[in-house]
Amino acid sequence: MDGNLASAADIPPAVLSRLHMLTQRADFQRATRAPHAAKPGFVLQMRKRRADEPVAPDVIRTGFTCSKKVGNAVARNRAKRRLREIARLALPQLGLPGHDYVLIGRKGATADLPFAQLQADFTAALSVLHGKSR
RNA sequence: GCGGAAGGCUGGAUGGUCGCGGUACGGGCAACUGUACCGAGGAAAGUCCGGACUCCGAAAAGAGACGGUGCCGGGUAACGCCCGGGCGGGGCAACCCGACGGAAAGCGCCACAGAAAUGAAACCACCCCGGGCAACCGGGGAAAGGGUGAAACGGUGGGGUAAGAGCCCACCGCGGGGCUGGCAACAGUCCCGGCACGGCAAGCCCCACCGGGAGCAAUGCCAAAUAGGGACCGCGUGUUGCCAGCCUUCGGGAUGGGGACAGGGCUGCUUUUGCCCCAGCAGGUCCGGGUUGGCAGCUAUAGCUGCCGCGGCAACGCGGCAGUCAGAGGAAUGAUCAUCCAGAGGCUUACGCCUUGGACAAAAUCCGGCUUACAGGCCUUCCGCGCGU
RNA sequence: UGGGGUGUGGCCUAGUGGUAGGGCAACUGUUUUUGGUACAGGAGAUCGUAGGUUCGAAUCCUACCACCCCAG
């Protein structure tokens, strides 16, 4: 392959700006009880926000977390950045508005697997969760 | 060429595509957006020391307690760091290592074994005298030999003696004193003493020096929001002079001012000095509740980097010139592709081809050190051995 | 950022300079028709790692590793 990332170039800025970052611990803990899909490189959790939460309903929010089990600071940072990259490339097109997505890094795999496989797994995980929620 | 020692540098390169944080200059009412530039390390790590800075009622001084450091001299803002020297140990050498003050200030400990573990003494064996046929017994001498132990009351050699012993002598060791060299640690040398002084201070301790506590989530400001709450502490107004005017029945009385004593408060271990209060009705501590926003601190100076000159053996200091070098804040510095450069493996006589694949580890207020981790590569100096000239 | 603690057979724990001990578990044997119980027996330890002090270190000192806890 030629490493074609043209799909990312097609993202309209308005859609990109709807991606928000999760920071609060409570948001992560709510996502823990939500449906999840495990892949070799990561675990994806998806949660539909309730209507009474003070967040705009068309916003997609994402969070990234890597525990100490993933490795030292370098390994954790690398894993989070790769997760952020696959989410940035795919989620504005494939994600559902009004949902929170949390990506969890896994030991060894997240930082070492080929990037194309991570992207494919992410797309597959999204379709599984979306099918479940319907 | 082989083996080794010391020191230093580096820590993949280039280019596309898509992103992130900051600054500057623009555009836009604003959300935002355009361009340019900058954007992890030698250890950013561990958080083991030392500081800067801020607060703690002023963070002031002395003594003690506690903690730390520990050959000498120098460097430094400071240090437990660095440099040089001394001494001891290791190595053929280059060189490396060392918690390296005091054990005649005192206390304590030295298991087992051994007669005995520092006060002195004597198990076996030795020598002399007496007794006994003898085995041996009694008295005395001596501490050289054996044995035990990690360590045994100076060592070796000679003289000496009944046997022996620093009893005497030489050398070595030890202690004391003098002289010489050195700022000093210490070294050299001479004289004296016949030996008295075992080890452990990373056991207590003694000596010298150093140290107030907390930490950028320090601290200051702004905004918002909630409450206008609960509990506790502090209610002590004393004594004595001086001054001023006032009242007076001439005894004195009250008021005001300013002192002293008593009392109270203040050093995040105690205490002394010290400081504050002394009449102001306000204040302090804790709990509960709310906010989990913004700005400053915040990155430039004990600066740092490069080059040059001077002083110094060196650490380092002084001076000049040039440059300026991340500032995030639930936390940016990334992802991916191609080519190349090292490296590893396979195939090949070889050229080469294919596959694989980048060490450790990421700023969190800043700086100086220490310690620990680290694939590979490069440079300089030195030592030993071998060969050639 | 600062402070505190722990590490000993598979598990829990004692030991504070002088031979590493106890309980549970596991193993072997006896008892029992068999299992369990009971009894008896033996084995099993780099004392977290590496250096040092000492004649001698689980113990004292230094550095490191892992885990846990606390405060703002």
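Chain letters run A, B, ... following the sequence lines, proteins first and then strands; every chain starts at 1. Everything numeric in this text was worked out from a predicted model, so none of it was measured.
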Give a yes/no on whether any side-chain N or O of [X] is located under 4.0 angstrom from OP1 or OP2 of [N].
X	N	value
A:R82	B:U336	yes
A:R76	B:A362	no
A:R78	B:A335	yes

[N] to [M] separation - [atom1] atoms, rounded to the nearest Å:
N	M	atom1	answer
C:A50	C:G35	P	46 Å
B:G203	B:C209	C1'	24 Å
B:G368	B:A302	P	11 Å
C:U49	C:C65	P	15 Å
B:G147	B:A116	C1'	13 Å
B:G193	B:C207	P	37 Å
B:C49	B:A223	P	43 Å
B:C325	B:G293	P	32 Å

Strictly distance-based, threshold 3.5 Å: is any side-chain N or O of A:Y101 a donor or acceptor partner for the main-chain N or O of A:L96?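 Yes: the side chain of A:Y101 pairs with the backbone of A:L96.
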
If we ignore hydrogens and angles and just use 3.5 Å, is the side chain of A:R106 paired with the main-chain N or O of A:K39 as donor and acceptor?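 Yes: the side chain of A:R106 pairs with the backbone of A:K39.
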
How would you list, by chain and number, every residue that makes a side chain to side chain contact (heavy atoms under 4.5 Å, CB included) with A:R76, sequence neighbours excluded?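 A:R76 satisfies side chain to side chain contact (heavy atoms under 4.5 Å, CB included) with A:C66, A:K68, A:V70, A:A73 once adjacent residues are dropped.
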
Sequence-distant partners of A:A37, side chain to side chain contact (heavy atoms under 4.5 Å, CB included), two or more places apart: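 With sequence neighbours excluded, A:A37 shows a side chain to side chain contact (heavy atoms under 4.5 Å, CB included) to A:A125, A:L129, given in chain and number order.
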
Need the pair for [N]. Rule: Watson-Crick or G-U wobble, both distances under 3.5 Å, any strand; none if unpaired.
N	result
C:A40	C:U28
B:G193	B:C174
B:G19	none
B:G289	none
B:U14	B:A338
C:U19	none
B:C55	B:G213

Taking the chi torsion of B:A322, is it syn (within 90° of 0) or anti (everything else)?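 What B:A322 shows is an anti base, its glycosidic angle lying more than 90° from 0.
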
Mind telling me if B:C308 is syn or anti? Syn here is a glycosidic angle within 90° of 0.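 Anti, angle beyond 90° from zero.
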
Find the distance A:I86:CD1 to B:U336:P and express it as a whole number of Å.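 One finds 11 Å between P of B:U336 and CD1 of A:I86, rounded.
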
To the nearest 0.5 Å, how far apart are CG in A:L89 and CD1 in A:I86?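 Taking CG in A:L89 and CD1 in A:I86, the distance rounds to 8.5 Å.
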
